[in-house]
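Take this structure, written in structure tokens, and hold onto it; I'll ask about it next.
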Amino acid sequence: MTVTQKTILRYPSLSVASAFEKEQALIHRVEQGELNEALLLWQPDAQTLVLPAGQKWPQTPELRRALSSLGWQVQSRRTGGAPVPQLPGMINVSYLTVWPANTPYHIQTAYQYFCTILQSFFHQLGITTTVGDTPGSYCDGDYNLNIAGKKVVGTAQRILHLGAGADAGETKQTVMLAQACLLIDADCQHIVAPVSLCNQLCGHPERIEAEVHTPLSAHLDQRPTTEQLFQLLTQAFVARPPLVVGKA
């Protein structure tokens, strides 16, 4: 039997819950040794605020009612972080790859590598991006992609350790799951409203500012179709540079 080592999945309209299920299925296939690399591209089919796991962001009936009144669904995810709005007009990337064997994992190297691939996507569109934090943005981090200082992409990362059994001689395999959410064509005032409401109801003082975000469409004369954007993202990952691991 021939084992498929790589796969690319693209969904122009998908619920957040289904996307998480498909991502988990890819992780399982990596764990089973069926894949060593996978790329999942998807666009949400409905307005959904994604809340991280844990006690910091409780999904109270009050919060659900308040978000519903604004037209937003609620979905939880297994990892931490901060609330992230999802809606049509955003594209999400999940990239799974097996880390080089017998090579220490460095989170900075992993993030920089992922961001370099994403930057090449924007380069294909003639747009220059920088990597760094964006004060005032939702789910801010050190590895956002920014256009002229405004956030256009947020990134996240998880590490999976496979083959970590009890036998001392068993080799542990590290798998990187890198995720990105790209603002393609969305009203920034609209997308920060549910995050600000969530912060307020959950007792968090962080102020989210719409003006520090920017959609890709604001920097193009004509917005490409979702399929064209998927193709450009796929090309960026297919043509990615080799992963060179050194000291962080």
Side-chain angles (χ1 to χ4, degrees), residues 10-24 40-94 133-141 144-147 149-158 179-220 223 225-226 229-230:
R10 310 196 302 192
Y11 297 95
S13 182
L14 191 66
S15 71
V16 172
S18 294
F20 289 172
E21 289 173 359
K22 293 184 182 300
E23 184 181 81
Q24 195 59 39
L40 171 63
L41 307 176
W42 61 280
Q43 181 172 228
D45 66 356
Q47 297 187 149
T48 307
L49 185 66
V50 179
L51 296 183
Q55 299 298 317
K56 188 177 180 181
W57 307 100
Q59 293 189 35
T60 63
E62 179 188 12
L63 176 62
R64 287 185 171 275
R65 285 194 298 268
L67 290 172
S68 178
S69 69
L70 294 180
W72 288 80
Q73 303 174 16
V74 182
Q75 178 68 44
S76 61
R77 66 172 185 263
R78 297 183 180 183
T79 53
V84 174
Q86 294 281 358
L87 77 169
M90 294 180 170
I91 288 178
N92 291 271
V93 178
S94 292
D133 64 341
T134 320
S137 66
Y138 63 81
C139 201
D140 192 20
N144 300 329
L145 264 63
N146 300 295
I147 300 175
K150 296 186 177 184
K151 180 176 178 177
V152 67
V153 178
T155 63
Q157 191 178 136
R158 286 172 57 195
Q179 300 163 316
C181 180
L182 288 67
L183 291 176
I184 302 299
D185 190 10
D187 180 275
C188 295
Q189 291 284 352
H190 180 71
I191 62 175
V192 304
V195 182
S196 296
L197 176 62
C198 185
N199 281 351
Q200 177 185 348
L201 294 181
C202 293
H204 302 298
E206 293 88 353
R207 177 176 171 79
I208 308 301
E209 302 173 6
E211 58 269 21
V212 304
H213 305 80
T214 187
L216 171 62
S217 60
H219 305 274
L220 297 173
R223 175 195 159 172
T225 65
T226 298
L229 292 170
F230 278 2

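Remember, predicted model here, so these are calculated numbers, not experimental data.
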Can you run down the ring-ring contact (aromatic ring centres under 6.0 Å, His included) pairs that involve residues 47-66, sequence neighbours left out, and say none if there aren't any?
W57-H204
Side chains of L182 and V93: closer than 4.5 Å at any heavy-atom pair?
yes
Which one of N92, D45, T48 satisfies the side chain to side chain donor-acceptor pair (under 3.5 Å) criterion with Q86?
N92
Closest non-hydrogen atom pair, D140 against T134:
OD1-N, 2.8 Å
Look up atom CD in E62 and atom CG in L67, then write down how far apart they are to the nearest 0.5 Å.
10.0 Å
Give the intermediate values and the outcome of side chain to side chain contact (heavy atoms under 4.5 Å, CB included) for residues I208 and H213.
CA-CA 10 Å; I208 308 301; H213 305 80; 4.3 Å; yes
Could you walk me through whether V84 and R77 pass the side chain to side chain contact (heavy atoms under 4.5 Å, CB included) test, one step at a time?
CA-CA 10 Å; V84 174; R77 66 172 185 263; 4.0 Å; yes
About how many Å separate CG of L216 and CG of L229, when rounded to the nearest 0.5 Å?
6.5 Å
Of all heavy-atom pairs linking Q47 and L70, the shortest is NE2-O, 4.1 Å
Is a side-chain N or O of N144 found less than 3.5 angstrom from the main chain of N146, in a donor-acceptor match?
no
Would you name the heavy atoms of V212 and S137 that are closest together and state the gap between them?
CG2-N, 3.6 Å
Within a strict 4.5 Å, meaning less than it, do heavy atoms of the V16 and Q73 side chains meet?
no
Donor + acceptor pair across side chains of E23, Q179 (<3.5 Å)
yes
Quick check: do T60 and L201 have side-chain heavy atoms less than 4.5 Å from each other?
no
Smallest separation among heavy atoms of G81 and P52, with atom names:
O-CG, 3.6 Å
Sub-4.5 Å side-chain heavy-atom contact between P58 and C202:
yes
Taking side chain as C-beta onward, heavy atoms only, is H190 less than 4.5 Å from L87?
yes
Using atom types as modelled and distance alone, determine if a side-chain donor or acceptor of K151 lies under 3.5 Å from a backbone N or O of Y138.
yes
Atom pair CD/OG of Q75 and S18 - distance to nearest 0.5 Å
9.0 Å
Would you compute the distance between atom OG1 of T79 and atom CZ of R158 and round it to the nearest 0.5 angstrom?
6.0 Å
Is a side-chain N or O of S69 found less than 3.5 angstrom from the main chain of A66, in a donor-acceptor match?
yes
What one should report as the nearest heavy-atom pair of P85 and V195 is CD-CG2, 3.7 Å
Over all atoms of both residues, closest heavy-atom pair of C198 and L49:
CB-CD2, 3.9 Å
When rounded to the nearest 0.5 angstrom, what distance separates CD in E209 from SG in C188?
12.5 Å
Just so I know, are the side chains of S13 and P88 near enough to count as touching, which here means a heavy-atom distance under 4.5 Å?
no
About how many Å separate CD1 of I184 and CZ of R223, when rounded to the nearest 0.5 Å?
6.5 Å
Taking the side chain as C-beta and beyond, is there a heavy-atom pair between I191 and L183 under 4.5 Å?
yes
Is the shortest side-chain heavy-atom distance between K22 and W42 below 4.5 Å?
no
Determine, stepwise, if the pair V50 / F20 fulfils side chain to side chain contact (heavy atoms under 4.5 Å, CB included).
CA-CA 11 Å; V50 179; F20 289 172; 3.8 Å; yes
Ignoring hydrogens and geometry, is there a side-chain-to-backbone donor-acceptor pair from D185 to S217 under 3.5 Å?
no
